[in-house]
Amino acid sequence: MSAPSIDAPRSPQGGRRTSQRSNFELYSWLFMRISGLVLVFLVLGHLFIMNILDGGVQRINFAFVAGRWASPFWQSWDLLMLWLAMLHGTNGMRTIINDYAERDQTRFWLKMLLYVSAAFIILLGTLVIFTFDPNIG
Amino acid sequence: MQTHTFDVIIVGAGGAGMRAALESSSRARTAVLTKLYPTRSHTGAAQGGMCAALANVEEDNWEWHTFDTIKGGDYLVDQDAAEIMCKEAIDAVLDLEKMGLPFNRTPEGRIDQRRFGGHTRNHGEAAVRRACYAADRTGHMILQTLYQNCIKAGVEFYNEFYVLDIILNEDSGQPVAAGAVAYELATGEIHIFRAKSVVFATGGYGKVWKTTSNAHTLTGDGMGIVWRKGLPLEDMEFYQFHPTGLAGLGVLLTEGARGEGGILRNASGERFMERYAPTIKDLAPRDMVARAMVQEVREGRGAGPNKDYVYLDLTHLPAEQVEAKLPDITEFARTYLGVDPINELVPVFPTAHYAMGGVPTNVHTEVLRDNEHVVPGLYAAGEVACVSVHGANRLGTNSLLDINVFGRRAGIAAAEYANSVELAELPNDPQGATIALVEGLRSGAGSERVAALRKDMQETMDMNAQVYRTEATLKQALSDVQELKARYKNVSVQDKGTRYNTDLIEAIELGFLLDLAEVTVVSALERKESRGGHAREDYPNRDDVNFMRHTMAYKAEDVSGEDYVRLDYKPVTVTRYEPMERKY
Amino acid sequence: MAAVVEETTVPETEVPVATDVTFRIRRFLPDVDTEPHWEDYTIALFPTDRVLTALEKIKGEVDGTLSFRRSCGHGICGSDAMRINGRNRLACKTLVKDLDTSKPITIEAIKGLEVEKDMIVDMEPFFAAYRQVLPFLIPEGHEPSRERLQSAEDRARFDDTTKCILCACCTTSCPVYWTDGQYFGPAAIVAAHRFIFDSRDAGFEQRLEVLNDKEGVWRCRTTFNCTDACPRGIEVTKAIQEVKRALIFRRV
Amino acid sequence: MATTTPVGTLYRGGEGMWTWVLHRVTGVAVFFFLFVHVLDTALVRVSPEAYDLVIATYKTPIVNLLEVGLVGAVLYHALNGLRVILVDFWSKGPRYQRQMTWTIAAVWLLVMVPGTYFMMIHTVEALFGSTP
Ligand SMILES: Cc1cc2nc3c(=O)[nH]c(=O)nc-3n(C[C@H](O)[C@H](O)[C@H](O)COP(=O)(O)OP(=O)(O)OC[C@H]3O[C@@H](n4cnc5c(N)ncnc54)[C@H](O)[C@@H]3O)c2cc1C
Ligand code: HEM
Ligand code: SF4
Ligand code: F3S
Ligand code: FES
């Protein structure tokens with residue numbers, strides 16, 4: 001037919017590939033929920049302490065951080081929060097890319113960019129928490 | 001133009017078509033051509049149930065069912081066919097269950113059954129629970145289940161292909177099926193489907209009337225195509241008007257509502273059916289109930305501002321029962337009339353519903369070309385066909401049964417025949433007539449509008465050829481229809497495009513409707529008696545001496561080349577039930 | 001041809017009056033148009049008229065090229081899903097009185113499937129997804145001679161999802177489906193649900209295999225547009241949720 | 001084949017659709033903030049001065065306002081996340097999703113009103129001087 005037609009967004013013209021027999025999507029879906037539950041405490045707690053408890057952001061400075069990370073409790077809190085939030089956020093971003101990137105190529109490269117930068121941030125953050133030296137400077 | 005070749009083609013993907021396809025596709029190369037996506041077929045609108053003497057809830061047997069069918073059909077039923085249907089009914093229901101149909105269940109987990117009009121215990125003693133059902137969505141479940149099983153079986157569908165002609169080879173002096181011509185809605189292209197057998201399962205033609213329970217697409221294409229080929233149509237004067245359509249709209253409320261205990265009342269609240277059918281009252285056969293309702297209105301006992309309807313009363317039934325067993329019709333009343341059946345009376349009036357007549361076939365579903373001879377390779381099943389198991393009036397639930405029993409038979413017969421013969425040669429220019437029809441309409445510069453002609457036809461049919469008829473009204477209808485046919489020659493199609501030209505299709509469909517309206521009226525004029533769905537006020541009694549016979553209508557040409565309807569008659573097959581008075 | 005009723009016999013109450021209603025319809029004729037455009041039509045309608053009646057009237061009396069699918073006319077065949085005032089509905093189940101007629105009523109094709117002409121879209125991808133979830137009974141063991149037994153409770157378990165008429169209102173209201181046409185979509189999942197929770201069915205594993213796919217149930221973000229759109233009142237999101245849980249608790 | 005993009009009206013989804021849109025927007029916003037936040041915190045490894053310098057910007061009124069926005073976004077995302085989890089795992093969840101939506105809206109307001117006060121109080125004091 002030569003008549004023009006309106007294209008539907010990424011309609012499955014060629015038929016979709018059938019299942020790859022993996023539970024990846026299932027686990028990733030579950031992970032979003034479980035990590036979300038844990039993050040409620042970690043992130044909301046973090047925000048509460050940092051932003052609202054006596055003086056909020058005004059009292060934060062190097063010394064404050066140094067004091068906090070002297071305690072293994074806060075160290076593990078922040079570490080867990082970092083990992084979970086980043087994995088959760090990255091996985092969420094992956095979904096969003098899957099939704100909106102129209103071409104397979106675009107989708108692939110966007111995801112690569114996402115994974116690389118996420119890995120970088122996670123490693124950097126971990127490094128900072130572990131190797132933090134309060135006596136620097 | 002494209003040409004396709006199959007062993008069997010089935011025209012129509014309603015209950016009858018898909019039941020046939022399930023049988024045929026496992027035996028021969030089969031294609032289903034349908035103008036609608038299969039799940040849009042009107043079988044899906046059927047509500048109440050499908051009868052079979054399963055005896056799951058009370059004593060019953062297929063012989064009683066046969067008797068009820070014959071008596072309900074006012075003895076115009078071919079009794080051998082009715083026997084077959086009622087006997088095979090049990091397996092038909094069980095087959096559907098095995099295919100996955102979600103029937104309602106008894107406490108023991110068996111298929112539940114309920115009462116339905118005209119179905120009785122021991123030859124009319126009392127109403128019997130015989131209708132197997134899935135809430136008030138039985139047809140929906142049947143259609144879905146059959147489609148699902150067609151997917152499972154890998155049946156090949158050509159969706160939105162309008163069959164506009166059959167191809168008959170007449171080389172040997174008698175017509176033999178050779179295929180069909182179809183119009184593809186998406187592209188406007190004409191396709192030729194060659195096949196050894198052709199099964200017609202195109203459903204009814206309720207759109208001849210204005211107030212109807214039928215879908216917009218029930219335009220009698222199959223009957224019209226066969227008719228134009230010079231093949232007969234049987235018993236077209238017998239059309240069923242279902243008592244309980246939503247007043248003014250025609251949307252159906254199943255007889256199952258009365259099966260569950262619903263009562264018809266007139267304006268003063270009287271249960272008037274007690275006067276017309278003292279034994280089974282509201283569960284009398286449809287023709288009787290419809291006439292009673294019209295009678296009440298005529299005698300001034302109708303309700304509403306125009307006193308032109310009666311009430312269906314469900315208010316005395318427990319709300320849970322209504323919600324659970326009649327959920328859809330409850331919603332229809334709420335949506336379309338703003339009436340809540342739980343605590344309000346529902347305005348109802350008869351609505352054009354079902355064609356008892358149609359393409360004559362024998363019990364093997366082979367299409368007849370006269371009283372005795374069949375057209376080899378041509379089959380018909382479902383509402384388009386007239387076997388005749390419904391005679392002058394179909395009992396509720398017997399149609400879903402009909403489409404399953406005879407749909408199955410058609411599928412098997414068509415495939416077996418296809419496997420035993422060679423492909424018939426195509427006649428010259430098999431698509432010529434169809435192209436002329438399509439192009440003639442598309443390029444025509446007429447001034448008449450399809451919608452206007454259709455409206456006029458429907459109005460005259462509602463006025464003059466509905467529940468009650470007389471010589472005068474029928475003559476009026478006939479002259480109106482003939483005038484409309486003349487105007488139709490000048491009809492205009494505004495959409496000149498090729499793709500999805502529904503304007504063109506509606507014009508073609510109107511052509512079939514007008515033909516069928518004429519056949520209906522002419523057949524009705526000549527049947528000077530009252531029987532079943534055909535009630536002549538000028539001849540109020542049944543006349544077994546002169547009219548215990550089927551009408552066979554043929555399209556013929558008179559000396560001046562004008563078309564007219566030629567009538568002939570065919571005897572009724574009687575096996576063991578002698579006609580007697582029909583009292584309930 | 002209707003019978004003439006004398007003025008005096010008609011009570012004053014409830015005599016409906018026809019009023020002018022404007023429809024703003026998104027037209028696209030593939031034979032002439034390169035792009036869809038909006039067009040207004042004003043016709044007289046009764047409050048109890050269906051939108052489908054209005055479309056029929058416009059087609060019959062004003063512009064025969066207006067194209068849409070329809071069949072049953074009362075919400076049972078699923079032909080006439082379209083976007084009415086921005087929401088997916090069946091034209092035959094939407095009454096004029098339930099819409100705000102002070103503004104034009106907008107009508108356009110459902111979203112996410114290719115528009116072929118006016119309100120007609122290509123339904124093939126929709127049915128293809130349906131076919132992929134194995135929407136048929138996969139029984140276990142050999143056939144019994146009579147019916148398979150099923151308790152009323154077991155029958156009730158999947159009643160809701162048996163009501164589906166495959167109208168596509170749900171799938172084409174789903175934001176995920178709009179952008180990712182590969183997603184099976186709610187209607188297909190509803191079909192799968194109908195069989196997964198049927199006590200007579202033994203195809204659980206096969207069906208779950210399909211739904212566990214990358215484009216299967218996990219794609220659903222519980223936006224509830226499907227549930228809101230379903231003309232049969234099916235709790236679509238709930239059905240999807242039940243399938244998700246079935247996947248997790250039987251396989252994890 | 002594609003010649004034009006369809007420009008129809010906006011789909012008029014219900015609460016469910018809009019809560020999802022917001023969830024997505026807040027999720028993305030928080031994700032990008034987290035990025036920046038890890039980077040700025042990493043400055044503690046560089047020198048206390050560098051860290052304090054960056055942190056000082058957090059204390060400016062404008063960034064403080066953004067800060068409130070962030071907390072609002074995280075809070076909404078968390079609450080709606082809980083709603084989504086309930087929809088997924090509580091069998092009555094889908095039926096009560098609307099009620100849950102209004103509940104989280106109420107909770108969000110209940111937390112954010114005093115929260116904003118506490119977060120902004122210092123800024124307000126710094127800008128206009130503390131009230132005696
Ligand atoms: C509202 C309602 C309720 C009913 N309730 C009951 C009930 O409770 N019990 C009962 O027993 N009966 C009931 N009936 C009657 C029964 O449903 C029908 O008679 C029966 O379903 C007809 O089935 P069918 O397969 O013959 O035709 P349909 O289901 O009408 O199918 C016709 C098929 O033919 C196709 N077709 C038509 N023309 C063409 C063409 N030109 N080219 C290609 N394809 C074509 C269509 O696409 C369609 O697929 C009811 C009917 C109605 C209207
Ligand atoms: C505070 C507690 C949190 C909870 C309870 C939570 C919960 C959830 C849940 C349940 C989802 C899945 C939504 C769905 O499948 O429809 C989700 C998605 C997402 N979350 Fe969170 N989350 C939290 C914190 C975070 C944080 C800190 C980030 C940023 C790093 C984040 C970023 C995202 C993103 C980007 C998505 C994807 C959104 C989408 O697909 O639409 N979340 N969250
Ligand atoms: S679930 Fe509802 S909206 Fe979706 S296709 Fe079925 S009937 Fe239509
Ligand atoms: S609209 Fe779509 S996202 Fe899920 S809840 Fe319905 S399928
Ligand atoms: S026309 Fe059948 S659902 Fe609207």
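Chain letters run A, B, ... following the sequence lines, proteins first, then strands; residues in each count from 1.
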Given the options Lys57(C), Glu153(C), Met123(C), Lys97(C), which has more heavy-atom pairs under 4.5 Å with chain B than any of the others? Met123(C)
Under 4.5 Å, counting heavy-atom pairs only, tell me which of Asp198(C), Asp201(C), Ile165(C) racks up the most with chain B. Ile165(C)
side-chain contact (heavy atoms from CB on, under 4.5 Å), that's the test. Do Met119(C) and Tyr500(B) meet it? Break it down for me. CA-CA 11 Å; Met119(C) 255 52 70; Tyr500(B) 290 98; over 6 Å; no
[X] side chain to [Y] main-chain N or O, any donor-acceptor pair under 3.5 Å?
X	Y	result
Arg40(B)	Gly78(C)	yes
Arg105(B)	Leu149(C)	no
Lys152(B)	Leu137(C)	yes
Gln148(B)	Phe136(C)	no

What option among [options] has the most heavy-atom pairs under 4.5 Å with chain C?
options	answer
Leu54(B), Asn149(B), Val93(B), Asp462(B)	Leu54(B)
Ala215(B), Ala451(B), Ala45(B)	Ala215(B)
Arg110(B), Gln144(B), Met99(B)	Arg110(B)
Gly44(B), Pro102(B), Ala324(B)	Pro102(B)
Asn104(B), Asp328(B), Leu36(B)	Asp328(B)

Contact origin within [X] toward chain B - heavy atom pairs under 4.5 Å:
X	value
Glu56(C)	side chain
Arg146(C)	both
Gln150(C)	both
Arg70(C)	both
Lys93(C)	both
Leu95(C)	side chain
Asp118(C)	neither

For the pair Phe127(C) and Tyr147(B), name the ring-plane relationship: parallel under 30°, tilted 30 to 60°, perpendicular over 60°.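 The arrangement is perpendicular - the two ring planes meet at more than 60°.
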Could you check if a side-chain atom of Arg155(C) sits within less than 4.5 angstrom of a side-chain atom of Asp112(B), using non-hydrogen atoms only?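 Arg155(C) does not reach Asp112(B) side chain to side chain.
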Residue pair Asp495(B) / Ser67(C), side-chain heavy-atom distance below 4.5 Å: yes
Quick one: what part of [X] sits under 4.5 Å from any heavy atom of chain C, side chain, backbone, both or neither?
X	value
Glu506(B)	side chain
Phe103(B)	backbone
Val450(B)	neither

Nearest-0.5 Å distance that lies between atom [atom1] in [X] and atom [atom2] in [Y]:
X	Y	atom1	atom2	answer
Asn159(B)	Glu124(C)	CG	CD	7.0 Å
Ile76(C)	Thr43(B)	CD1	OG1	12.5 Å
Ser79(C)	Tyr37(B)	OG	OH	10.5 Å

Looking just at side-chain N and O atoms, do [X] and [Y] make a donor-acceptor pair shorter than 3.5 Å?
X	Y	answer
Thr502(B)	Lys59(C)	yes
Asn56(B)	Glu147(C)	yes
Asp31(C)	Thr498(B)	yes

Distance under 6.0 Å and angle within 45° of ring axis: Arg50(C) vs Tyr336(B): yes
Taking 4.0 angstrom as the limit, do Arg499(B) and Glu116(C) come out as a salt bridge?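 Looking at Arg499(B) and Glu116(C), the cut-off is met.
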Looking at Glu331(B) and Arg232(C), does any basic side-chain N land under 4.0 Å from a carboxylate oxygen?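 No, this pair does not count.
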For the pair Lys98(B) and Arg148(C), evaluate side-chain contact (heavy atoms from CB on, under 4.5 Å) and give the outcome as yes or no after the intermediate values. CA-CA 7 Å; Lys98(B) 286 170 196 165; Arg148(C) 287 191 183 78; 4.1 Å; yes
Looking at Lys163(C), I want to see if its NZ is surrounded by more than 12 non-hydrogen atoms of other residues, nucleotides or ligands under 6.0 Å. yes
His42(B) vs Cys72(C), test: side-chain contact (heavy atoms from CB on, under 4.5 Å). Steps then yes/no. CA-CA 7 Å; His42(B) 209 55; Cys72(C) 69; 4.1 Å; yes
Pair Lys496(B)-Thr65(C), side-chain hydrogen bond (donor to acceptor under 3.5 Å, both in side chains): steps then yes or no: CA-CA 8 Å; Lys496(B) 308 290 181 195; Thr65(C) 63; over 6 Å; no
Gln494(B) and Val62(C) have their tightest heavy-atom pair at OE1-O, 3.9 Å
